[in-house]
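Accompanying notes for the structure given below.
Just so we're on the same page: letters track the sequence lines, and every chain starts at 1.
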2 protein chains.
Amino acid sequence: MSTMTAAQQREQAKVAYDAFVAGCPSRQLLDRISDKWVALVLAALADEGTMRFSQLGRRLAGVSQKMLTQTLRSLERDGLVVRSVTPTVPVTVDYTLTPLGESLDELMRGLKAWAEAHMDVVQAARDEYDAR
Amino acid sequence: MSTMTAAQQREQAKVAYDAFVAGCPSRQLLDRISDKWVALVLAALADEGTMRFSQLGRRLAGVSQKMLTQTLRSLERDGLVVRSVTPTVPVTVDYTLTPLGESLDELMRGLKAWAEAHMDVVQAARDEYDAR
DNA sequence: CGGGGTAACTCTCCATTGGTAAGTAGGCAC
DNA sequence: GTGCCTACTTACCAATGGAGAGTTACCCCG
């Protein structure tokens, strides 16, 4: 058979994708920032400079402690924040953006600005869609 | 009691958050684009102009049909893409970006550019973190 | 010396989400 | 009729994320 069914084409594309995605940097970053809490941590740290764990927990109040530690760890691993432990009475942990983290945050602010500028249009589109 | 325990502070912050988040447009948008597939659909449509359902399925090959329909529906609802059905033999469905969708895509390209420029630094940070 | 309080986690359980695979509708080709 | 096409929809199942309690390590008060 010289022609392929749609199912076969999908199958083939899937294999190509598996190989492709492993080494694609923009895709890796996408996975990183496609995490709801990453953007919020970045924004909070950019606003306040240095913040403690509990401060962050209050600022992005909806976050669970589990997800906060998890997010901060991965950001630290990627070199976007620095984690510094001060051995005070109850231990104090501070987080700060690195220059790299700051540069990413600038792009994020662009998204925030877009949201504020266009959210009313989006809302109108939603209302219209739901009405029909 | 005039002072609050940390637990009580967290509880209070949580209530404030619930009220805050419901009406915050930038947060709503964040939830929208914090979906892995949204960015990819946007990028694909911006590249190719109009695409059919199966074309998109092949382009972002890792996507399941379920998630593709789901993503496209929500983008349509938000006025970022248009869906047009042509009643040909097997029905043909085309998707195109609206001007609104295009404007969001421009920001996304900024992120892509950041990724390509900085992914090597991130990778180096990861390696170092994993090594110690 | 023991009980209580604190910060930053860590663990356990459960609900929601996303992936896989199979099924559906309507029409044409055989 | 049987089978195949596109664009879904549905059923099931594994993984992810949230809620909340538990843990560690320390100090202070009585």
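The separation between B:F53 atom CZ and D:dT9 atom C1' is 11 Å, rounded to whole Å. To the nearest angstrom, C1' of D:dT16 lies 12 Å from NZ of B:K36. Note: CH2 (A:W37) to P (D:dT16) measures 18 Å, nearest angstrom. Distance, A:R58 CZ to C:dA8 C1': 13 Å, rounded to whole Å. Look at CG on A:L56: it is 14 Å from P on C:dA7, rounded to the nearest Å.
Residues from residues 66-73 of chain B lying near DNA chain D, meaning a heavy-atom separation below 4.0 Å, are B:K66, B:T69, B:R73 in numerical order.
Distances shown here put every side-chain N or O of B:R52 at or beyond 4.0 Å from the OP1 or OP2 atom of D:dT6.
Counting only distance, with no hydrogens or angles, the side chain of B:Q55 and the backbone of B:R52 share a donor-acceptor pair below 3.5 Å. A donor-acceptor contact shorter than 3.5 Å links the side chain of A:T88 to the backbone of A:P90. Under the 3.5 Å distance criterion, the side-chain polar atoms of B:T50 are left unmatched by any main-chain donor or acceptor of B:T96. The backbone N or O of B:G79 lies less than 3.5 Å from a partner atom in the side chain of B:T98, making a donor-acceptor pair.
A salt bridge does not link A:R73 with A:D78: every distance from a Lys NZ or Arg NE/NH1/NH2 to an Asp or Glu carboxylate oxygen is 4.0 Å or more. For the pair B:D105 and B:R109, the salt-bridge criterion is met [side-chain N within less than 4.0 Å of a carboxylate O]. Using a cut-off of 4.0 Å between Lys/Arg side-chain N and Asp/Glu carboxylate O, A:R83 and A:D94 are scored as not salt-bridged.
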request  = Dump the intermediate steps for salt bridge (Lys or Arg N to Asp or Glu O under 4.0 Å) on A:D130 and B:R77, then the final yes or no.
outcome  = CA-CA 8 Å; A:D130 292 345; B:R77 186 169 106 99; 2.5 Å; yes
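Between its two ends, the helix from C:dC1-D:dG30 to C:dC30-D:dG1 turns its axis by 30°, counting five pairs per end and rounding to 10 degrees.
The environment of CD in A:E102 is crowded: more than 12 heavy-atom neighbours from other residues, nucleotides or ligands sit within 6.0 Å.
Hydrophobic clustering of Ile, Leu, Val, Met, Phe, Trp and Tyr side chains at less than 4.5 Å, counting indirect connections, unites B:L107 with A:V121.
Closest contact between the side chain of A:S64 and the listed nucleotides D:dA19, C:dA8, D:dT6 involves D:dA19.
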Enumerate the protein-to-nucleotides 22-30 of chain D contacts in which both atoms are nitrogen or oxygen and the separation is below 3.5 Å.
none

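The CG atom of A:L68 sits 9.0 Å away from atom CH2 of A:W37, with the distance rounded to the nearest 0.5 Å.
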